[in-house]
Amino acid sequence: MGRPAHPLTPHRSARHLFGAELRRHRELASMSLERLAEVVNYSKSHLARIETAETMIPPQLPAQLDAAFGTDGFFQRLYALARTEVHPDRYRRRMELETRARVIDEYAGHLVPGILQTEPYARAIFRVSDDTATPDEIEARVAARMSRQTLLRSETLSEMTVILDEAVIRRPVGGQAVMKDQLARLIPLTETPSTLIQLLPFEHGEHPLLGGTLTLMTLTDRTCVAYEEGIASGTLLEDQERVAMRRRAYDRMRAHALSPRKTAAVLSTAMEALSS
């Protein structure tokens, strides 16, 4: 006897409803995951994750499902809703996708990205962002943030590129000593086999991502997702047209950023200024 099917939650979002309807129509057709995988040319495990809303719906799949089940465009109409909705568990999902990413490209407009922060820098951020948090709560958040940095040593992630707005290195978060150590942490990472850091100077002026942050995550199947973050909220983008727009903005900004070598030189100069 096989394992019981994972319970579905179609009420949570259009994506969850898509997965639930996929399983319902598959079962009505007395079709196993293995058989459906052969029909639509996707792996059994991929289809299982779509049924449970654990992965994105490939744009070609809805039409294939309508053809397989004779549903006259039903899955294509449902996909039109699912592809643009805000994910109900977007932050948790973002963390999950980050662990599966092969390449991460990030733009930071105000703060050093969490994956590159030192403990004192992260602690200063958490203290000011929630003045009601207890010391123990702050330390728990710092520990959680530091645990993300294992990604830099993971076998899955092969490359991380970061564009830092110049504002990131000019604001002395946590005071001069904390900021100096944070800059020292960044310098050796400006150019390694797996990391590149580039600075977007003030002189560049306005740009499409001004005022926020952007993370682009390319997964092992080459699918790309985007995560935008503001002061107290984040948006996970999985619709490929919208992701492509963010990718274009990132690539154009990168063309105007300083080289990693020049970035390291500016970081060193900023460190010296903090020592004077």
Side-chain angles (χ1 to χ4, degrees), residues 1-105 148 150-151 153-160 215-227 235-244 247:
M1 180 180 290
R3 272 192 262 172
H6 193 287
L8 304 181
T9 50
H11 59 281
R12 292 184 62 188
S13 70
R15 177 186 294 177
H16 284 75
L17 179 59
F18 186 102
E21 287 297 317
L22 168 54
R23 180 181 292 178
R24 186 173 74 86
H25 280 82
R26 179 173 63 77
E27 291 177 345
L28 285 173
S30 300
M31 189 179 292
S32 66
L33 275 171
E34 290 88 345
R35 176 57 186 145
L36 182 59
E38 294 173 359
V39 171
V40 298
N41 198 29
Y42 286 93
S43 70
K44 172 187 172 183
S45 60
H46 195 172
L47 292 174
R49 292 195 300 273
I50 292 170
E51 286 191 355
T52 54
E54 294 175 25
T55 195
M56 295 170 290
I57 304 163
Q60 299 84 6
L61 180 62
Q64 293 174 293
L65 294 176
D66 282 326
F69 299 131
T71 42
D72 191 28
F74 170 75
F75 283 99
Q76 293 174 77
R77 292 190 294 273
L78 188 52
Y79 173 69
L81 295 175
R83 70 193 286 263
T84 58
E85 71 178 349
V86 175
H87 198 280
D89 297 317
R90 52 191 177 274
Y91 188 73
R92 180 189 62 80
R93 173 107 175 117
R94 181 230 192 276
M95 293 295 99
E96 173 204 337
L97 290 169
E98 186 178 73
T99 63
R100 292 169 44 203
R102 186 169 184 79
V103 177
I104 295 177
D105 301 301
R148 287 177 57 204
T150 58
L151 283 171
R153 302 185 297 275
S154 74
E155 295 182 359
T156 302
L157 184 66
S158 62
E159 183 179 4
M160 180 175 185
T215 304
L216 296 162
M217 294 169 278
T218 303
L219 309 182
T220 52
D221 63 0
R222 298 186 180 180
T223 303
C224 187
V225 298
Y227 186 78
T235 302
L236 185 66
L237 304 176
E238 300 183 67
D239 171 44
Q240 292 305 292
E241 290 181 12
R242 297 170 73 191
V243 172
R247 165 60 68 187

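Note that the coordinates shown come from a computational prediction; the quantities given were computed from them, not determined experimentally. We use all heavy atoms of the structure for the numbers below, so side chains are in, but hydrogens, waters and symmetry mates are not.
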- Task: Would you please test E51 and L33 for side-chain contact (heavy atoms from CB on, under 4.5 Å) and show each step?
- Result: CA-CA 10 Å; E51 286 191 355; L33 275 171; 3.7 Å; yes
- How long is the gap from CD on E21 to CZ on R26, to the nearest 0.5 Å? 13.0 Å
- For the student: nearest non-hydrogen atoms of L219 and R100, plus distance: CD1-NH2, 3.8 Å
- Mind checking whether L65 and L36 have side chains closer than 4.5 Å, heavy atoms only? yes
- Note on the structure: So CE of M160 and CE of M217: to nearest 0.5 Å the spacing works out to 10.5 Å
- Message: Among residues at least two apart in sequence or on other chains, which ones pass side-chain hydrogen bond (donor to acceptor under 3.5 Å, both in side chains) with T71?
- Response: D66
- Is there a side-chain contact between T218 and R102, using heavy atoms and a 4.5 Å cut-off? no
- Message: Are C224 and L216 packed together at the side-chain level, in the sense that at least one heavy-atom pair is separated by less than 4.5 angstrom?
- Response: yes
- Query: Is any side-chain heavy atom of R94 less than 4.5 Å from a side-chain heavy atom of T215?
  - Reply: yes
- Message: Quick one, T99 and T156 - any side-chain contact, counting heavy atoms below 4.5 Å?
- Response: no
- Separation between CD (E98) and CD1 (I104), nearest 0.5 Å, reads 4.5 Å
- Query: Any side-chain heavy atom of Y42 within less than 4.5 Å of one from Q60?
  - Reply: yes
- Message: Test your reading of the model: is there a side-chain donor-acceptor pair from T52 to the backbone of A48, 3.5 Å cut-off?
- Response: yes
- Message: Does any part of the side chain of L47, heavy atoms only, come nearer than 4.5 Å to the side chain of L61, both counted from C-beta?
- Response: yes
- Query: Roughly how far apart are T235 OG1 and Y227 OH, rounded to 0.5 Å?
  - Reply: 7.5 Å
- From the list D221, T223, I50, side-chain contact (heavy atoms from CB on, under 4.5 Å) with P58 holds only for I50
- Side-chain donor-acceptor pair under 3.5 Å between S45 and S43, yes or no? yes
- Query: Less than 4.5 Å apart, any side-chain heavy atom of F75 and any of H25?
  - Reply: yes
- Interatomic distance, L157 atom CG to T220 atom OG1 [nearest 0.5 angstrom]: 12.0 Å
- Message: Rounded at 0.5 Å granularity, tell me how far NE2 in H46 sits from CG in N41.
- Response: 12.0 Å
- Please confirm whether the backbone N or O of D105 pairs with a side-chain atom of E159, one donor and one acceptor, at under 3.5 Å? no
